[in-house]
Structures are given as C-alpha cells and as structure tokens.
Amino acid sequence: MGIEIKLPDGSKKQYEKGARPLDIAMDISEGLAKRAFGAIVNDEYWDLGRPLETSCDFRLVLDKDSEAPVFFRHTMAHIMAQAVMRLYGEDRVKLAIGPTIENGFYYDIDLDDVRLTEEDLPKIEAEMEKIIKEDLPIERFELPVSEAVILMNNQLQPYKVELIEDLVKDYGTEFVTFYRQGDFTDLCRGPHLPSTGKVKFFKLTSVSGAYWRGDEKNKMLQRIYGTAFSKKADLEEYLAKIEEARKRDHRKLGPALGLFTINYDYAPGMPIFLPKGTDMLNELLKFSREKHIEDGYREVSTPQIMSDSLWRTSGHWDHYSDNMYFTEKEEQQFAVKPMNCPGHILAYKSSPVSYRDLPMKIFEFGKVHRYERSGVLHGLFRVRGFVQDDAHVFCTREQIQQEVIGVIDFVKKIYEPFDFQYRAELSTRPENFMGEIELWDIATEALRDSLKAKKMDYIVNEGDGAFYGPKIDYHIKDSLGREWQCATIQLDFMMPERFGIKYIGPDNNEYQPVMIHRAIFGSTERFMGILIEHYAGAFPTWLAPVQVKVIPIADRHTDYARSVVVSLRGKGFRAEVDDRQKSTNYKIREAQLNKIPYMLIVGDREMQNGQVSVRLRSEKDLGSIDLEEFIHKLTEEVKDRKGKSIFE
RNA sequence: GCCAACGUAGCUCAAUCGGAAGAGCGGCUGAUUUGUAAUCAGCAGGUUGGGGGUUCAAGUCCCUUCGUUGGCUCCA
C-alpha cells in the first residue's frame, strides 16, 4: 500500500506505508539526511525514525529551522536524566517532568536525600558526554495505559504513573508513548533525535528547587537547567549574551547610576528613589498624565488607608487579605490599600450618575502596598509598595467592547515611544472567583472579541484571572528574557454589584454600570526597571535624569559654564556643571560612563562666541555651535520625546 | 515561605594548608588649569553581615540567624 508525501514546494512523492522521514531525506540527499533533526508531519513533530502511516504534508526540520531545538533539547533532557540515573542509582532517582524551554531544557528530579549543588554539574555533564559518545539509538514505542502504568511501577517512577493517570482522567488517553535509549526508558510525548550522538553543544546552567506540579503543598524536587544549541557558535553566543545581559541588570545599573537604592534591612521590597530616579519617575508620570488627559480621563486622588468594612464589601477581605497590610486605631481595623478600585468607586458614588456621564474614566497614580513573600522580592520588578498608573472606566454593558478596544489602543500609544517587544495574554476565571459563571463567560468573551477586533496575537492563560474578573495582560521581557507583566485590562461586573453603584438610564430607571480596571505601566517601579534594562541606562533625552553636563576646560570658564546651565535650566532642562578640579578628559569619561546624552565642553573659543562644543554619548564630537541653536534643537527632541538624538 | 549558592572598605575583587586583613576605583586634602574616555602625591576608610562554637590561633572549619542571588509559588 502506497502513501503520498507532499513536500513544502508542492511536489508529491510516492512511498510505501511505513516509510520513515530519514528514508525520505536520504532519497533527496545524504547531506540533507545528516543535517535533519526531525520532521513536521501535518503540523505535528515527527521523529526521523518514526514510520509514516498515511499520506501527509511533509517537511524536514533542519538546523536553521525554528523547530530544531525542540528535537535536540528534548533529547538533551533525556540524556541528562539518564546521566543522573547512572550517577545516583536507578532506585534512588525518580523523574518528574523534563520539558524544553526557550533557550534550553530542564528536568525535575526527586533524588531522595541527595542535595545537588552547582559543583555537581560538571560531573553530570561528563556523564552526558559519555552517553552522547555511546551514540545510543533512540527508540519510540507506544503502550496501552494499563501496561504503561505497570512499566513505570516496575521502574519505581511514581511521578510518571501519576502523569499517566492524569492523562487518562483529563483527556481519556488510551495509549502513551515512551522513548528508550540504551537501558533508559522514559514516558515522553517526544519528539526526539534518532540517537544520542546527534546532540553536540550543551551546558548545564543551574540547579534549583521546584515543587512537584508547582504546588508548594507537594514535595520539592530538584530542577537542573541546561541549554543546548546545534552549533557551537550559537551556544557561545548565548552564554556571552547572558553575561552581557547581567551587566544590564537594573539591580546593578540602577544604584550605579544613582537612580534608586533598596535597603533590605529597613524597607525590604520598598525602593528608595534618589533624586535622579525621581526625575525619571516624574517624567514617566508627566508623559502618562498628558496622554490620559488627551484620552478623556480625569485624575483623582484617594486615601492610602481605609476602613476594613470597605475591603469586606469589595471582596478583598475574603480573596486578597493574605497580600494586605493592616493597621488598627481606636479599636477600628484599617487596611493599607492593595488596589485603587474601592477608592475610585467611592469617588463614583459621590454624586448621582447619568448615562450621559458614561463612560466615566478616572485615573490615579495610586501607591498600593501588597505583601509579597521575602523570597520573591526582586529589585524593582517585584516589590511590596508601588505606584500604579491605575484607572477605572465605568460604562454601560453596551459600551464594553468599544471601551476595551479604546484601552488596547491606549496601551499602544503609551508603549510607542519605548519601542520594545510585548506580548498579550488572556487570563480566564480562577478557582477563587467571585460572582456568577454566566457573567464571567460574557466578560471573557467581550475581552476575546476585542482582541480579535484589534487583530492582536495573544495566548490564553486558563484560571489566571483576578478574583473579580477576567483580564488581558501585557508581558514585557527583561534583559535576561524573563517576562514581567506590565499592562493589564480587567473586566469587572462584581464590584459594581457589591457596592451597588448605579447610573440613571434614558428611561429614568437605575442600571448597573460595568467597570474596566486597567493599568498601562502596571507598576511604575517595574516599568522603570524594564526601561533601565531596555536602554542599558542610556535613556532617551526626555527621560534622562541628567540631560546635559556642561564641562568647563579651565577655572576661567566656570562662570560661563554656569551661565549655560542657568539658561538650560531656565528652559526646563536638567543640566549640571562639572566644575571639579579634574582634567577635561576625566570629566568627559565620567559623563560618558553615566550615559549622559549631551556633554557641552566650553573653553575660550566657546566663551567668546556664546557657543558650546557638543559631544554625544555615542562619542561623536559635533564641534561648536551657538548655545541658542543647541537649546532650540534640544527643545524639539525633548518635546517630541524622541527615542534618538536629534543631532545624529 | 521552600531548595541551592553566596555575604571581606561606598564599588569591583585579593588574602596559599587555619598563621600579621590587602589592592584598584571612588571619597577627602594638596599640587596641577588641562580642548573630547582616567594628571600627580598624601590621607581616611574594616567588629570580614550578626550571634555562638571548635582551636594556641578563624575571613578561612562547625552551628545558628539575617540578607542577597538563581529557581518554585503568587502577581503589577
């Protein structure tokens, strides 16, 4: 019986049933077969050695293809698991899960009472090298669930048994696949390379603890992280990139540039912004405020501490108190606000609202406090006190779509000047949700429809919504590729209900509005951390804490330099003079290291002509120009919040 | 909170086997008056995160505690 293979170029080829991708590759050329990692068959990963059963679309995966790493990193994870088993004894090693991740792979392993440290990694790497050298063939086979459970029980792999049982429970799975290399067999969906000798370049990067299924009630396993590439140069480039990225880490750069400090003894998780960091924050807020007002928001300011009864009504008491700070006076309980919404609702309720007032959009740079466990604090990215650029849109049900779309557009507008990559996620009903499921469904669909209407790419994050409603989140990557949530758009029918807020409709009846909670920076602290890493401290001029450093060459130029600074400050620029008794070169070098956008060097020539000699931090020396001209151009650059120097 | 690693001057890092706590940068003082990435000299700076223990002797070994880092969890 023949089958028909359709290649990417549209050509078709006939094969016997049971032909393997490797055979097909060999048919085309031997070189191709050597370079192939696997195949894609009808959009499914397919091992090179796995027989084809039916006619199909067929494509080989070569080293340049984006799918290639899935094959060799999966195999890498198995090789690592096998190495650990050899080193620590098959009886003692219980495997959990070992997936591929963005730049590598990991495996969660229960090693009984053995505690791995990073010093153990070279030993494991050496064993892995052996396995690679042995070039063990990797064989795929399927088993009915009952036999699979027996096999895994025999191999003393309780986590695998649990995984199989869950597959049956959740998906009604009847057959599961295994991969075998030498004496090592592992439950795995695949795909894999045809033999262990085909992987080449890898490095184990770290060990850490990880709970079985990510649940801290379960046992903590040991996770070994590794990275692997098909080319040596790629591995080296990746490792160098990580090294480079560490230098951009905002926790190093921020304090080094004098932006902020965190005193973990006295104020853990509560950053102290120094004057330069505060300048930046203020610029961000100024920018945000302008845009909000353009977009029809009105600004409010609500209390930091409010009575517990408010938080009971809002539902925070029941759903969020683990994250809240409390305080008591005159036998009354108060809570420090973890969110701004109840305050905004009180603002809404202060006077009757007509349908003509809707949508009502109010915003606040509200400082919120949330308790976070000590182990998760992370520079500016995860803190216990932060300022949200928080707003609530009160609208009718009919206006939901249009308003959500408005917010999506608004996010784009706010992120635009920064020019970074972000990703949207739709989060659905969590376990500890409030309210009725039907309303949740309506809200979730409304968000989904809005995303579709804006043709946005997004992924769905089941069960990750807020307790009062589903949400769209925006994630931005830090220098090391870790993602942090920034903007969030949340739909909420619950709080309007619980607070009994109303508007008067055209028919003079009372109706309940819907609330859209939304933040764009999310946390201004976190957003600033992202910016520090994004720009590696070389901020666009409008954000830079010091925009211009005026450097007099000798003492006799100091007065003129000061007058230049006065002129600049008069126009609202952040300028400083460096009048220390140091060499010109020294001052230039320091300004350069501080990534100050403009250095104005002034000596005899400039002083005589009312000029300044402009040097950019990109090391470009522009020569002397009139101070007036410099101010004129700088004004333009800053006014438009340009991402690049106008002089370049 | 849990698992692992790490805590030496403001910063970056030395200190051999357990045997006298050091350097560079930065800071201060003085000299130098400099034209596009570091002028020279001198000085100050430490309970080696805290507490306890072993030892003739502890930065170094052990215990404990606090903190940081990498993860897990939660989330902006």
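In what follows, chains carry the letters A, B, and so on, assigned in the order in which the sequence lines appear, proteins first and then strands, with residues in each chain numbered from 1.
In the set A4(B), C75(B), G35(B), C75(B) carries the atom at the smallest distance from any side-chain atom of R526(A). Residue R382(A) has its side chain nearest to C74(B) when only C74(B), A37(B), C72(B) are considered. With distances taken from any side-chain atom of S523(A) to the nucleotides A76(B), U73(B), A37(B), the minimum falls on A76(B).
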What pairs of donor and acceptor atoms, side-chain ones from residues 409-418 of chain A against any protein atom, are under 3.5 angstrom apart with sequence neighbours left out?
| unit_1 | atom_1 | unit_2 | atom_2 | d |
| --- | --- | --- | --- | --- |
| D409(A) | OD1 | K454(A) | NZ | 3.0 |
| K413(A) | NZ | D295(A) | OD1 | 3.4 |
| Y415(A) | OH | A487(A) | N | 3.1 |
| Y415(A) | OH | I520(A) | O | 2.7 |

Please report, to 0.1 Å, the donor-acceptor pairs under 3.5 Å made by any side chain of residues 468-476 of chain A, with sequence neighbours excluded.
| unit_1 | atom_1 | unit_2 | atom_2 | d |
| --- | --- | --- | --- | --- |
| Y468(A) | OH | Q490(A) | OE1 | 2.4 |
| K471(A) | NZ | D473(A) | OD2 | 3.4 |
| D473(A) | OD1 | Q485(A) | NE2 | 3.0 |
| D473(A) | OD1 | T488(A) | OG1 | 2.8 |
| H475(A) | NE2 | E425(A) | OE1 | 3.3 |

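Under the side chain to side chain contact (heavy atoms under 4.5 Å, CB included) criterion, P268(A) pairs with Y264(A), L377(A), R384(A), not counting sequence neighbours. Among residues two or more places apart in sequence or in another chain, the side chain to side chain contact (heavy atoms under 4.5 Å, CB included) test is passed with P69(A) by F72(A), R73(A). With sequence neighbours excluded, no residue forms a side-chain hydrogen bond (donor to acceptor under 3.5 Å, both in side chains) with E125(A). Every residue two or more places apart in sequence or in another chain that forms a side chain to side chain contact (heavy atoms under 4.5 Å, CB included) with V546(A) is listed here: K276(A), E576(A), I596(A).
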What does the list of N/O pairs under 3.5 Å between the protein and nucleotides 6-14 of chain B look like, with a distance for each?
| unit_1 | atom_1 | unit_2 | atom_2 | d |
| --- | --- | --- | --- | --- |
| U12(B) | OP1 | K252(A) | NZ | 2.6 |

Under 3.5 Å, which N/O atoms of the protein pair with N/O atoms of nucleotides 41-45 of chain B?
none

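Donor-acceptor pairing under 3.5 Å, judged by distance alone, is present between the side chain of E372(A) and the base of A76(B).
Residue pairs satisfying the salt bridge (charged side-chain N to carboxylate O under 4.0 Å, His left out) criterion with at least one member in residues 608-627 of chain A, sequence neighbours excluded, are absent. For the ring pair (Phe, Tyr, Trp, His ring centres under 6.0 Å) condition, no pair includes a residue of residues 602-626 of chain A, sequence neighbours left out. The salt bridge (charged side-chain N to carboxylate O under 4.0 Å, His left out) pairs that include a residue from residues 364-380 of chain A are E216(A)-R373(A), K337(A)-E364(A), where partners are two or more places apart or lie in different chains.
Here Q485(A) lies in heavy-atom contact (under 4.0 Å) with sugar-phosphate atoms only.
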Can you check each nucleotide of nucleotides 26-34 of chain B against protein heavy atoms at under 4.0 Å and return B for base, S for sugar-phosphate only, - for none, in 5' to 3' order?
SS----BBB
